[in-house]
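Report on the following structure.
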Amino acid sequence: MAKPASSNTRAVTANRLRDGAVVFRTVTGGWSSRIADAETASSETDAARLLAQAERDAATAVVVGPYLIDVAEIGGELRPTSLRERIRAYGPTTPMAGVEAVPYL
Amino acid sequence: MYQYDHFDQEFVDQRVTQFRDQVRRRLTGELSEDEFKPLRLTNGLYLQLHAYMLRVAIPYGTLSAVQMRMLAHIARRYDRGYGHFTTRQNIQFNWIRLEDAPDALADLASVQMHALQTSGNVIRNTTADQWAGVALDEIEDPRIWCEIIRQWSSLHPEFSFLPRKFKIAVTGSPNDRAAVRVHDIGLRMHKNAAGEIGFEVIVGGGLGRTPLIGKTIAPFLPKQHLLSYLEAIMRVYNQAGRRDNIYKARIKILVHEIGVEEMRRRVELEWEGLRDGRLQLDASVVADIEQRFARPVYEKLPADSAEVALLRFKDKAFGRWMRANVVPHLQPGYAIVNISLKPEGEPPGDASAAQMDAIADLADAHSLGEIRVTHAQNLVLPHVKITDLPAIFARLQHIGLAADNIGQVGDIIACPGLDFCALANARSIPVAQRISRHFADAKLGAEIGDLQIKISGCINACGHHHVGHIGILGVDKHGEEFYQITLGGSAENAASIGTIVGPAVAYEDVVGAVDNIVRTYLDTRNADERFLDTVRRVGISPFKERLYAAA
Ligand code: SF4
């Protein structure tokens, strides 16, 4: 469960206002619950621009509390690097009635 | 059971209507998140990692079968088919959509339920002994006083903006099952030399970043003065409690800083002006509330059942469940049934909608329609005829809730942790599941006996780890989950804060560490000595040596 080496790639995540679902800011300027759809930024400037765009969606009541997260390509897939963000992206790690456990590590 | 009066119902209905409008304005963007957040929090709606979480109040842990069915309905209709009972005798739904929240609250209001006082810097839902009104050792039903406190504290204009949240617990028994020494205010009912019943008032207990055991500020407070005395404490706290630092804002820090003597002096001074005023409790008001908690009409039954005694002997599983989960009732021929929400390897405190419905049916058939929620995240059927026990056991087996582990190693308390909670450092639930599975496989539960393991995913200590016989606290070490282990905590009569046994262990090593500690206990204990007593007798050194020698 070691943390992958820190990358400089970032994406923006937030919770969708109407239902609280975890979403990622996409390339087309929308929000998706799949991290694979996330737009990534590899420079500070790009990251700041991405976040500024997302904050406009927070101001217009689309999402709540957007912020930048570290992501990395792992096994050909875009994944958050921190455990907290992996749990947000893929759901609880506990097999539980009604919720599918998702492999996340 | 307590029934709403006109005022209660109208108030709760109004709140739903107001909240519906607030949600509408939030969804259209009229309200910003900053404006809306305090409004949703006063209605028990948090934003967690994956969704909104709705925390529904279960005042003093008492529920009717009708209310339990409504919780099942909420789980099914607005959530993902289950709910999580918390260490404050409440229930949380983890997957609520903001747009559905007003409907969920309206449905709850239709059965006299709400989410008020489950969040924010107010006096929270007052908790009580889960066996209130039925325990053999009880002096008086503590829920009468919880309800009096609820009526006094709900929307108290002076106490709507306290420095921090404020938690009160009441026990009516000499054996504290409400953890009164680790609450902001704990009330312990007892009799004085003259045989009158009053309260020992304990103040400044609490867990979290600075765990402290509460101190006795009044050894015997006559009942009629309860509210004026509480009001005096609240005033002193409201004025002098710190508002500059949330970690120092709880009353425990104030009591710790000025000392209990000075606290008592200030409270008594404030109380002088209050004690004979309007807050003095009129005997008729108390009698009225007492009546709403009147004992149900029990049948006259023989104290024992030969048939059940025989079955206990013949059916080993039933016998084990009886020994661990069923306790004596004050009424001859009746028993208190504790339903463990800790099936082997399952998340502690979770119940599916189907299980909630089944328990509601059991309550209707066998427990006068009443259910309790415990702070250990279990449920109770409080009024069961001894002759009904075999049928209840069979039904519980059928719905997967017949675990015979109350108070044992498998009966773990765990907060939601990093799987759900936005404040978490580390996961709690899977740690609990692994420990539970490990000891279930080893079939060691009964052999080990009384052992309370409590797990929190961060220092906020919702899982009460400081007062676990074994406490486990999740910490974040450079982005990885580690767990700090404490030994010797207890929330009962001789309450104590656990001692850290040594360096934190990695996620993968927690089960091994707990196993190691338990084995040290088994090798060290005197005959019949409980885990806690062994730790208190020998100290942590033998545990520490063996734990870290193995590493
Ligand atoms: S103890 Fe921490 S992680 Fe656990 S529920 Fe409380 S705030 Fe969340």
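Proteins come first, then strands; the chains are lettered A, B, ... in the order of their sequence lines, and each starts at number 1.
Between the side chain of Y67(A) and the main chain of L51(A), no donor-acceptor pair closer than 3.5 Å is present. Side-chain atoms of H50(B) come within 3.5 Å of backbone atoms of D419(B) as a donor-acceptor pair (strictly under, hydrogens ignored). The main-chain N or O of D37(A) is never found under 3.5 Å from a side-chain atom of S32(A) such that the two would form a donor-acceptor pair. Of the possible donor and acceptor atoms, none in the side chain of S456(B) sits under 3.5 Å from a partner among the backbone N and O of I459(B). In this structure, S428(B) contributes its side chain and G457(B) its backbone to a donor-acceptor pair below 3.5 Å. Within the 3.5 Å criterion, the main-chain N or O of I412(B) finds a donor-acceptor partner in the side chain of K342(B). Checked by atom type and distance alone, the side chain of R86(A) pairs as donor or acceptor with a backbone atom of T81(A) at under 3.5 Å.
When the heavy atoms of residues 18-28 of chain A are compared with those of chain B, the residues falling under 4.5 Å are R18(A), D19(A), G20(A), A21(A), V22(A), listed by number. Listed in order of number, the residues of residues 19-27 of chain B that approach chain A to under 4.5 Å between heavy atoms are R26(B), L27(B).
In this structure, the portion of I96(B) lying under 4.5 Å from any heavy atom of chain A is its backbone and not its side chain. If you measure heavy-atom distances from Q48(B) to chain A, the contacts under 4.5 Å come from the backbone alone. For A422(B), the parts lying under 4.5 angstrom from a heavy atom of chain A are both the backbone and the side chain. Interface remark: E33(B) contributes side-chain atoms only to the contact with chain A (heavy atom separation under 4.5 Å).
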(request) Output, in order, the C-alpha distance, side-chain angles, deciding distance and verdict of side chain to side chain contact (heavy atoms under 4.5 Å, CB included) for I87(A) and R427(B). (result) CA-CA 10 Å; I87(A) 289 174; R427(B) 287 172 290 166; 3.9 Å; yes
(message) As a quick check of understanding, evaluate side chain to side chain contact (heavy atoms under 4.5 Å, CB included) for L379(B) and L401(B), giving each step before the final call.
(response) CA-CA 10 Å; L379(B) 298 175; L401(B) 292 180; 5.8 Å; no
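Using a cutoff of 4.0 Å between basic side-chain nitrogens and carboxylate oxygens, E85(A) and R88(A) are scored as salt-bridged.
The heavy-atom pair separating A115(B) from L105(B) by the smallest distance is CB-CD2, 4.0 Å.
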